[in-house]
Amino acid sequence: MPQRIVVVGSANTDLVCLTGHLPQPGETVLGGRFVQAAGGKGANQAVAAQRLGAEVWFVARLGDDAYGDAALASYRLAGLHTDHITRDAKAPSGVALILVDAAGENVIVVAPGANETLRPDHVEHAESAFEEAAVVLLQLEVPLDTALAAAQLGRASGAQVMLNPAPMPADGLPAELLSCVDVLTPNTTEASRLVDLPDGADDEALAAALRGIGVPTVVLTRGARGALVVTADAHFAVTPPAVDAVDTTAAGDAFNGALAVALAENRPLLAATRRACAAGALAATRVGAQPSLPRLDELDRLCPM
Ligand code: RIB
C-alpha cells in the first residue's frame, strides 16, 4: 500500500533559457532553446514522490491566473491530492526565471507571488491530510511561519519531518523549527550559512556542525559528489551513478522526493540515500524541473531496492 507524504511548499512556472555560458552583470548573451515547465521546489518534490509510488497531498497556493490553472491541471494529471491547494485572487502565481549553461549548471531567480501568501492557517485547514502521514516534506520557498506550522503539525501527528532548507534565509533558521525536524537535507552552501562556517568549509566539518544543532539525521547533499549522511550511530557517504548532465534544475528536488518515499517505506538510511542519489542523477539528464523527474521503473533499473 502506498505511504502517505504531505508536502507543504511552493508552486512555480519555470521559464528556462539554455545558453552556452551564463552572462556576467551587464552582459547580453544570445542563448538557445526556451522551455516553459512546471516547477517550484514544493511542487517538484511532491511530483517526484508521487512518481516514485507515494500517495502525496500537496498544500500550496496559486494565483487565479493562467499559470495557476495550468499548474493545478498538471498536479491533478500527476495524481497529487490537490484539495488543499488554494488560489489567491490578488497575487500572481509563482514564476522562476532560470538560465542553464552548457555544463548543466543553472542560476535561478524566483518571483514568489502567491507562494508568499501560503499562511499557517492554510496548513491548519489541511490538518486531516496530516493524519496517517508517514513523512511531512518541507522547503523554504514559502513563509517561515508556514513551514513551522507544518513541521509542528507533522511532529504532532507522528510523521517524520524532513526539511530541505532551500533557499536558506539570510539569518538562518529558528531553533523552534529545527527542533521539529527529523531529517535535514541542506546542500553545502545552505549548510555553511546555517552553521556559520565559511563557503568552501570541509564537508565533514559541516556535517558535524549540523549534527551539533540537534537534528537527528543530517543528509548533506554535494551535487555530483552525492551525499554525506550523519546520525548518532551512522556516518557514510554515497556517490551517485555517473550520468551526462544537461540540466541540474530539480536534481535536488528529485533527491528529496526519492529520499522521502524511501523513508516513508521504512527503508534503511543507506539504501534510501542511494536511491535518492540515483533519482537526482536521472533528473539531471533531462531539461526542465517536473519533466525531468524520474519514474519508478527507470529508478528501479538504475538503483534497485
Ligand atoms: O529546485 C528547482 C526549482 O527552484 C525550480 O523548479 C524553480 O521553480 C525554483 O523553485
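Because the structure is a prediction, the values reported are computed rather than measured.
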What distance separates [X] [atom1] from [Y] [atom2], expressed to the nearest 0.5 Å?
X: Leu210; Y: Leu228; atom1: CG; atom2: CG; value: 9.5 Å
X: Gln160; Y: Asp182; atom1: CD; atom2: CG; value: 6.0 Å
X: Phe58; Y: Arg76; atom1: CZ; atom2: CZ; value: 13.0 Å
X: Thr82; Y: Leu72; atom1: OG1; atom2: CG; value: 5.5 Å
X: Asn115; Y: Gln139; atom1: CG; atom2: CD; value: 10.0 Å
X: Asp88; Y: Ser93; atom1: CG; atom2: OG; value: 9.0 Å

Within the structure provided, determine whether [X] and [Y] are in side-chain contact (heavy-atom separation under 4.5 Å).
X: Asn164; Y: Leu138; result: no
X: Val16; Y: Val100; result: yes
X: Arg274; Y: Cys277; result: no
X: Val110; Y: Glu141; result: yes
X: Val181; Y: Leu173; result: no
X: Leu220; Y: Asp203; result: yes
X: Ile98; Y: Leu15; result: no

Problem - Electrostatic pair Arg222-Glu204, nearest N-O below 4.0 angstrom - result: no
Open item on the list: If the threshold is 4.0 Å, N to carboxylate O, is there a salt bridge linking Asp300 and Arg275?
Closed with: yes
Practice item. May I ask you to check whether over 12 heavy atoms, not counting those of His235, lie within 6.0 Å of atom NE2? Key: yes
**Report entry** Heavy-atom neighbours of Asp196 CG exceed 12 at 6.0 Å
**Finding:** no
Residues 31-59 vs salt bridge (Lys or Arg N to Asp or Glu O under 4.0 Å), sequence neighbours excluded, gives Arg4-Glu55
Looking only at the side chains, is there a donor atom on one of His21 and Glu105 sitting less than 3.5 Å from an acceptor on the other?
no
* Ring geometry between Trp57 and His84 (parallel below 30°, tilted from 30 to 60°, perpendicular above 60°) -> tilted
Report yes or no: do [X] and [Y] belong to one cluster of Ile/Leu/Val/Met/Phe/Trp/Tyr joined by side chain heavy-atom distances under 4.5 Å?
X: Leu269; Y: Ile5; answer: yes
X: Leu197; Y: Val218; answer: yes
X: Leu296; Y: Leu282; answer: yes
X: Val229; Y: Val195; answer: no

Q | Chi angles and distances behind the side-chain hydrogen bond (donor to acceptor under 3.5 Å, both in side chains) call for Asp101, Asn106 | A | CA-CA 6 Å; Asp101 74 10; Asn106 62 43; over 6 Å; no
Minimal heavy-atom distance between Ala276 and Ala258, with the atoms involved, is CA-CB, 3.8 Å
**OP:** Could you tell me whether the side chain of Arg155 and the main chain of Val161 form a donor-acceptor pair under 3.5 Å?
**Re:** no
Exam field: side chain Glu190 to backbone Asn187, donor-acceptor pair closer than 3.5 Å | yes
